[in-house]
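Notes to accompany the following structure.
Keep in mind the model is a prediction, meaning the values are calculated, not measured.
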Amino acid sequence: MLKAIRWKSFEPYLLITPAVLIILAFFAYPLLSGLKLAFMHYVLFEPGNIHFSGFENFKSLLADKNLPQILGNSVLWVILTVGLQFILGFILALALNKQFKGKNIYQSIVFLPWAVSAFLIGMIFKWLFNEQNGLINYLLVKLGILEKGIPFLAIPHVSIFPVIAAMVWYGVPFFGIMILAALQNVPKDIYESADIDGAGRMTKLFKVTIPYIKPTIIITLLLRVIWVFNSADLIYIMTNGGPANTSHNLPSYIFNKIFYTTDYGQASALGIMMLVILILYTLIFLKTTKYDDAGDF
């Protein structure tokens with residue numbers, strides 16, 4: 001009997017052991033390796049000069065004149081992208097939460113971007129903003145707004161905005177799907193009670209709907225900020241960080257460090273910097289939004 005009780009006490013730990021081992025293999029080991037490289041001079045084409053360098057990589061990054069611009073781009077990238085994705089996704093979810101003819105067809109169309117690869121989206125938007133034969137320049141010239149096409153992707157401090165537009169288009173369905181699922185779980189009797197109390201449409205939205213789905217809003221914003229902050233594929237495809245690094249964010253700059261300078265030490269230091277920023281963001285965001293109290297009326 002005593003053995004059976006002891007076995008039962010260890011059983012949960014045995015059941016989670018495979019998952020823990022997988023996490024250690026695919027997350028902990030790369031993280032520890034990256035942490036080690038961040039404190040080493042490790043340039044791929046200098047195999048005879050690999051050594052522990054302390055905080056030299058971090059000092060070099062802080063002295064990098066491009067870093068303030070790239071940090072600013074990262075903040076701009078996240079705020080504009082996630083902000084517009086959330087607003088448009090919320091409006092989309094509210095629209096799809098109503099019954100209308102052809103809803104299923106329309107729903108499948110508006111959620112299509114989420115099924116398209118980032119590479120294809122990057123190529124499509126790169127063509128749309130092309131100076132010579134892009135659709136946007138063509139329409140602007142035809143409408144008489146411009147005399148000739150504008151090289152949107154080649155203008156410093158402007159080239160990042162077409163990439164943001166592509167990322168917004170790509171991510172709206174995520175918020176639409178998540179918020180729509182939350183809206184469909186709001187009890188109908190709450191709205192009936194609000195109607196009896198004489199609440200208007202906007203009052204019901206801000207006093208009933210949003211408080212009820214607040215946990216979903218918080219978790220989707222949290223996850224989406226992390227994903228967008230870590231995203232570099234569209235930047236790499238559309239502008240490659242140019243011109244003159246003005247459309248780089250931190251992840252694309254890490255790619256740049258690896259592929260053009262082969263400095264794995266500095267790239268790892270940038271990765272650690274990103275990890276620290278995201279941990280601080282998560283702690284502050286959850287504290288500020290009071291996630292533990294979300295959904296309470």
What orientation do Phe90 and Phe86 show, parallel under 30°, tilted 30 to 60°, or perpendicular over 60°? tilted
Are the side chains of Phe255 and Asn240 in touch, meaning some heavy atoms are under 4.5 Å apart? no
Under a 4.5 Å side-chain heavy-atom rule over Ile, Leu, Val, Met, Phe, Trp and Tyr, are Phe58 and Leu270 clustered together? no
The reported gap from CG in Leu221 to CE in Met178 (rounded to nearest 0.5 angstrom) is 11.0 Å
Just so I know, are the side chains of Gln266 and Thr261 near enough to count as touching, which here means a heavy-atom distance under 4.5 Å? no
Look at atom OH of Tyr138 and say whether more than 12 heavy atoms of other residues, nucleotides or ligands are closer to it than 6.0 Å. no
Got a second to check how far Ile218's CD1 is from Ile213's CD1, nearest 0.5 Å? 10.5 Å
Please report the C-alpha distance between Leu283 and Lys287 in whole Å, then the side-chain angles of each, then the deciding distance to 0.1 Å, and finally whether the side chain to side chain contact (heavy atoms under 4.5 Å, CB included) criterion is met. CA-CA 6 Å; Leu283 294 174; Lys287 183 72 174 177; over 6 Å; no
Val228 backbone acceptor or donor facing Trp77 side chain under 3.5 Å: yes
Examine distances only and state if a side-chain atom of Asp233 and a backbone atom of Ala118 form a donor-acceptor pair shorter than 3.5 Å. no
Going by heavy atoms in the side chains, are Met123 and Ile237 under 4.5 Å from each other? yes
Applying the 4.5 Å side-chain criterion to the ILVMFWY set and letting contacts propagate, would Leu120 and Leu128 be lumped into a single cluster? yes
Selection residues 28-40 - residue pairs positive for side-chain hydrogen bond (donor to acceptor under 3.5 Å, both in side chains), sequence neighbours left out: none
Between the side chain of Asn256 and the main-chain N/O of Ser252, is any donor-acceptor distance below 3.5 Å? no
For atom CD of Glu147, is the number of surrounding heavy atoms from other residues, nucleotides or ligands below 6.0 Å larger than 12? no
Should we count CG of Leu21 as having more than 12 external heavy atoms under 6.0 Å? yes
Could you give the distance from CG (Leu31) to CD1 (Ile23), rounded to the nearest 0.5 Å? 12.5 Å
Does the Thr246 side chain pair with the main chain of Pro243, one donor and one acceptor, at a distance under 3.5 Å? yes
Closest approach of Met238 and Ala166, non-hydrogen atoms and distance? SD-CB, 3.9 Å
Minimum heavy-atom separation for Pro113 and Ile121, please, with both atom names. O-CD1, 4.0 Å
So, does Thr262 use its side chain to make a donor-acceptor pair with the main chain of Val43 at under 3.5 Å? no
Is Ile70 reachable from Val75 through a run of I, L, V, M, F, W or Y residues, each pair having side-chain heavy atoms under 4.5 Å apart? no
Looking at Ser247 and Gly241, would you say the former's side chain and the latter's main chain have a donor-acceptor pair under 3.5 Å? yes
Give the minimum heavy-atom separation between Ala269 and Asn57, together with the two atoms involved. CB-CB, 3.9 Å
Do Pro151 and Ile155 make a side-chain contact, defined as non-hydrogen atoms from C-beta onward lying under 4.5 Å apart? yes
Over all atoms of both residues, closest heavy-atom pair of Lys257 and Ala267: CB-CB, 4.1 Å
By ring pair (Phe, Tyr, Trp, His ring centres under 6.0 Å) - contacts of Trp127 (at least two apart): none
Using the rule that Ile, Leu, Val, Met, Phe, Trp and Tyr join whenever any side-chain heavy atoms are under 4.5 Å apart, tell me whether Ile272 and Tyr42 fall into a single cluster. no
Could you state the interatomic distance from CD1 (Ile258) to OG (Ser268), rounded to the nearest 0.5 Å? 7.0 Å
Mind listing the closest non-hydrogen atom pair of His157 and Gln69 along with its distance? CE1-OE1, 3.1 Å
With rounding to the nearest 0.5 angstrom, report the CG to CD1 distance, Leu84 to Ile79. 11.0 Å
Would you say the ring centroid of Phe161 lies under 6.0 angstrom from that of Phe152? no
Rounded to the nearest 0.5 Å, how far apart are CD of Gln184 and CD1 of Ile179? 12.5 Å
Hey, is the main chain of Gly265 close enough, under 3.5 Å, to the side chain of Asp263 for a donor-acceptor pair? yes
Within the structure provided, determine whether Asn49 and His51 are in side-chain contact (heavy-atom separation under 4.5 Å). yes
Taking the side chain as everything from C-beta on, heavy atoms only, tell me whether Tyr170 gets closer than 4.5 Å to Phe125. no
Using side chain to side chain contact (heavy atoms under 4.5 Å, CB included), reason through Leu67 and Leu250 one step at a time and then give a plain yes or no. CA-CA 9 Å; Leu67 190 60; Leu250 278 172; 4.2 Å; yes
Judged by atom type as modelled, is there a donor-acceptor pair below 3.5 Å linking the side chain of Thr282 to the main-chain atoms of Leu278? yes
Is the centre of the Phe55 ring less than 6.0 Å from the centre of the Phe39 ring? yes
Worked verdict on Glu46 versus His41 for side chain to side chain donor-acceptor pair (under 3.5 Å): CA-CA 9 Å; Glu46 298 178 12; His41 176 84; 3.0 Å; yes
Any heavy-atom pair between the side chains of Tyr212 and Leu183 that's under 4.5 Å? no
Side chains of Leu92 and Phe175: closer than 4.5 Å at any heavy-atom pair? no
Does Arg224 make a cation-pi contact with Phe174 (under 6.0 Å, within 45 degrees of the axis)? yes
Go through Ile160 and Thr239 one step at a time and tell me if the side chain to side chain contact (heavy atoms under 4.5 Å, CB included) criterion holds. CA-CA 8 Å; Ile160 192 170; Thr239 65; over 6 Å; no
Could you walk me through whether Asn137 and Asn130 satisfy the side chain to side chain contact (heavy atoms under 4.5 Å, CB included) test, starting with their C-alpha distance in whole Å, then the side-chain angles of each, then the deciding distance to 0.1 Å, before giving a yes or no? CA-CA 7 Å; Asn137 273 313; Asn130 187 274; over 6 Å; no
Taking all non-hydrogen atoms of both residues into account, name the closest pair between Gln85 and Gly171 and its distance. NE2-CA, 3.3 Å
CZ of Phe129: more than 12 outside heavy atoms within 6.0 angstrom? yes
Look only at the side chain of Asn66 and the backbone of Asn245, and say whether a donor-acceptor pair between them is shorter than 3.5 Å. no
Please check if Leu143 and Val141 belong to a single hydrophobic cluster, counting links between Ile, Leu, Val, Met, Phe, Trp and Tyr side chain heavy atoms closer than 4.5 Å. yes
May I ask you to decide if Trp227's main-chain N or O and Ser231's side chain share a donor-acceptor pair within less than 3.5 Å? no
